[in-house]
Q: 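The structure follows.
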Amino acid sequence: MIDLAFGIKKRMQKNPITGELSGKTLGMIFEKSSTRTRVSFEVGMYQLGGHALFLSSNDTQLGRGEPLKDTARVLSSMVDMVMIRTYKQSDLEEFASYSKVPVINALTDSFHPLQLMADYMTMVEFGKDKEPVVAYVGDGNNMAHSWLYLAAKLGFELRVATPKGYEVDKSILDEALVLANKSGAKIAILNDPKEAVKEADVVTTDTWVSMGQEDEKERRLKDFSGFMVDSSMMSLAKDDAIFLHCLPAYRGYEVSEEVIESHSQEVFREAENRLHAQKGIMVWLDNKRG
Ligand code: CP
Ligand code: NVA
């Protein structure tokens with residue numbers, strides 16, 4: 001998928017309209033907000049010659065209680081692929097089990113795999129894909145879980161530092177460790193951000209308050225004290241370390257203004273790569289279906 005994404009990105013420089021998915025349609029179900037995911041899929045599908053439909057749960061019958069399994073059977077009789085951004089991972093899996101067409105995980109409470117495709121592309125472009133040491137500092141959330149899978153699949157070293165009580169999910173970690181055994185990935189679970197960042201090639205973080213956790217905001221902001229990636233934290237990493245953030249970023253909380261602005265080259269390339277990664281995924285799925 002990533003090879004396809006890089007190929008499409010290169011071809012796009014001459015002409016963004018490539019047309020591989022001419023006549024194809026993508027249904028996009030959003031039960032949570034989005035800027036990057038929505039725009040990259042909509043623009044990506046247009047540039048590939050297809051059409052994307054934005055289906056917010058507020059404006060569809062999903063919001064009035066139509067079961068996911070019915071929506072899955074209806075939509076998949078009309079569109080060629082579906083992407084869903086929702087809360088429970090089990091809802092996405094239920095949808096997929098009733099769908100006749102491929103279903104793409106566009107973020108759940110548990111995972112954000114699309115983001116890691118773009119993050120890895122950015123690591124490659126900044127020369128950080130050869131045995132990198134990656135430090136994830138912050139909440140043991142969907143981003144942390146997807147980093148676990150990326151490291152475990154590709155076999156690199158990942159150190160995840162969270163405050164006590166905000167560690168990654170144990171069963172997801174166990175699954176990642178099984179994969180890591182095969183790939184040779186080294187995964188460390190820590191509570192000290194400085195230990196994680198020491199001599200790292202890539203430092204990354206994410207919001208302390210994910211979508212759906214708004215009620216916990218006050219407590220979380222207190223509990224995450226000391227976990228902001230600021231200049232003194234970055235100075236512990238290698239001199240040429242890159243900083244990644246899936247965005248949106250909350251300056252003064254998980255990252256300082258200075259760090260995000262001094263690493264804006266990486267962070268906004270990472271955001272742009274969402275477009276190319278999305279296209280790689282859609283073309284791959286279409287090729288697979290024949
Ligand atoms: N990073 C990311 O998924 O951004 P959006 O929530 O804006 O889609
Ligand atoms: N962890 C964040 C990621 C946003 C792209 C959330 O789920 O809200």
Side-chain angles (χ1 to χ4, degrees), residues 5 26-45 52-58 82-92 104-123 134 136-150 160-163 166-169 172 202-217 219-221 223-224 227-229 243-251 253-255 260 263-264 266-282:
L26 168 76
M28 305 190 297
I29 301 177
F30 281 97
E31 299 202 291
K32 291 176 171 173
S33 308
S34 169
T35 298
R36 281 144 288 269
T37 305
R38 176 181 176 180
V39 175
S40 54
F41 268 117
E42 251 183 78
V43 171
M45 200 44 157
L53 296 97
F54 175 67
L55 305 164
S56 121
S57 50
N58 293 334
V82 174
M83 63 115 279
I84 308 186
R85 169 168 284 197
T86 189
Y87 292 86
K88 288 193 282 180
Q89 177 72 15
S90 56
D91 281 350
L92 173 129
I104 302 167
N105 181 351
L107 183 146
T108 62
D109 292 343
S110 307
F111 298 106
H112 194 4
L114 293 175
Q115 182 65 50
L116 271 294
M117 304 283 286
D119 291 11
Y120 185 66
M121 288 178 75
T122 312
M123 285 167 63
V134 178
Y136 175 95
V137 174
D139 190 17
N141 62 11
N142 44 13
M143 280 299 296
H145 294 151
S146 288
W147 271 109
L148 285 176
Y149 272 102
L150 186 74
V160 179
T162 69
Y166 293 92
E167 285 87 358
V168 295
D169 180 273
I172 293 173
V202 179
V203 178
T204 185
T205 184
D206 182 23
T207 180
W208 296 338
V209 187
S210 285
M211 291 181 276
Q213 297 174 333
E214 290 76 10
D215 291 351
E216 301 169 22
K217 185 171 175 183
R219 171 167 57 82
R220 284 177 162 267
L221 297 192
D223 292 349
F224 280 81
F227 277 75
M228 184 198 296
V229 180
F243 172 76
L244 297 177
H245 193 309
C246 64
L247 302 178
Y250 298 90
R251 291 159 164 86
Y253 295 97
E254 77 274 9
V255 62
I260 193 153
H263 291 274
S264 60
E266 297 105 89
V267 172
F268 292 100
R269 177 82 67 85
E270 179 188 3
E272 182 200 317
N273 279 335
R274 293 293 307 277
L275 170 67
H276 311 299
Q278 247 70 296
K279 288 162 121 182
I281 293 163
M282 290 192 286

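Positions are given from 1, in the same order as the sequence printed here. We count ligands from 1, going down the list as the structure has it; atoms in each ligand are counted the same way.
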Q: Could you state the interatomic distance from OG (Ser210) to NZ (Lys217), rounded to the nearest 0.5 Å?
A: 12.5 Å
Q: What is the distance from atom CZ of Arg220 to atom CD of Glu214, rounded to the nearest 0.5 Å?
A: 10.0 Å
Q: First locate atom OG of Ser146, then atom CG of Asn141, and finally report the distance between them rounded to the nearest 0.5 Å.
A: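 Ser146 atom OG to Asn141 atom CG measures 9.0 Å (nearest 0.5 Å).
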Q: Thinking salt bridges, do Asp119 and Arg269 make one under a 4.0 Å N-O criterion?
A: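 Here Asp119 does not pair with Arg269 in a salt bridge, since their nearest N and O are not under 4.0 Å apart.
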Q: Excluding sequence neighbours, so at least two apart, what forms side chain to side chain contact (heavy atoms under 4.5 Å, CB included) with Gln89?
A: Leu92, Glu93, Asn105, Thr108, Ser110, Phe111
Q: For ligand 2, is there an N or O atom under 3.5 Å from any N or O atom of Asp206?
A: yes
Q: Please round to the nearest 0.5 Å and tell me the distance separating atom CE of Met83 and atom OG1 of Thr37.
A: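 Between Met83 CE and Thr37 OG1, I get 7.0 Å after rounding to 0.5 Å.
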Q: Quick one: does Lys32 get a heavy atom under 4.0 Å from ligand 1?
A: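 It does not, in that no heavy atom of Lys32 comes within the 4.0 Å cut-off of ligand 1.
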Q: Is it true that the side chains of Glu266 and His245 contain a donor and an acceptor less than 3.5 Å apart?
A: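 No - no donor-acceptor pair under 3.5 Å links their side chains.
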Q: Any nitrogen or oxygen of Leu247, side chain or backbone, less than 3.5 Å from one on ligand 1?
A: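 Yes - when backbone and side-chain N and O of Leu247 are compared with those of ligand 1, one distance drops under 3.5 Å.
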Q: Within the structure, does Thr37 bring an N/O atom to less than 3.5 angstrom of an N/O atom in ligand 1?
A: yes
Q: From the options Asn142, Thr35, Leu107, select the one whose nearest heavy atom is closest to atom 7 (O) of ligand 1.
A: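 Going through Asn142, Thr35, Leu107 one by one, Thr35 has the nearest heavy atom to atom 7 (O) of ligand 1.
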Q: Check each of Val202, Thr204, Val267 against Phe243 using the side chain to side chain contact (heavy atoms under 4.5 Å, CB included) test, and report the only one that passes.
A: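 For Phe243, the side chain to side chain contact (heavy atoms under 4.5 Å, CB included) test succeeds with only one of Val202, Thr204, Val267, which is Val267.
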Q: Do any nitrogen or oxygen atoms of Cys246 come within less than 3.5 Å of a nitrogen or oxygen of ligand 1?
A: yes
Q: Report yes if some N/O of Val209 lies less than 3.5 Å from some N/O of ligand 2; otherwise report no.
A: no
Q: Looking at atom 4 (C) of ligand 2, what's its closest protein heavy atom, distance included?
A: Leu107 CD1, 4.0 Å
Q: Any idea which protein heavy atom is nearest atom 2 (C) of ligand 1, and the distance to it?
A: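 Minimum-distance protein heavy atom for atom 2 (C) of ligand 1 reads Arg274 NH1, 3.3 Å.
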Q: With atoms numbered from 1 as shown, which atoms in ligand 2 lie under 4.0 angstrom from a non-hydrogen atom of Asn141?
A: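 Listed by number with element, the hits are 1 (N).
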Q: Just to confirm my output: which protein heavy-atom neighbour is closest to atom 3 (O) of ligand 1, and how far is it?
A: His112 NE2, 2.8 Å
Q: For ligand 2, which atoms, with element, lie under 4.0 Å from some heavy atom of Asn142?
A: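 This gives 1 (N), 2 (C), 6 (C), 7 (O) as the contact atoms.
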Q: Is there a heavy atom of Arg38 sitting under 4.0 angstrom from any atom of ligand 1?
A: no
Q: Please check whether Thr207 reaches ligand 2 - meaning an N/O of the residue sits under 3.5 Å from an N/O of the ligand, judged on distance alone.
A: no
Q: Starting from atom 8 (O) of ligand 2, what is the nearest protein heavy atom, named by residue and atom, and what distance separates them?
A: Met211 N, 2.8 Å
Q: Compute whether any side-chain donor of one residue and acceptor of the other, for Thr207 and Glu254, lie under 3.5 angstrom apart.
A: no
Q: For the ring pair Phe41 and Phe54, is the centre-to-centre distance below 6.0 Å?
A: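 Ring centroids of Phe41 and Phe54 are no less than 6.0 Å from each other.
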Q: Please verify whether a non-hydrogen atom of Leu247 lies at under 4.0 Å from ligand 2.
A: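 Within the 4.0 Å threshold, so yes.
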Q: What is the nearest protein non-hydrogen atom to atom 4 (O) of ligand 1, stated with its residue, atom name and distance?
A: Arg36 NE, 2.8 Å
Q: Is atom OH of Tyr253 surrounded by more than 12 heavy atoms (other residues, nucleotides or ligands) closer than 6.0 Å?
A: no
Q: Nearest protein heavy atom to atom 6 (O) of ligand 1, by residue and atom, and its distance?
A: Arg85 NH1, 2.8 Å
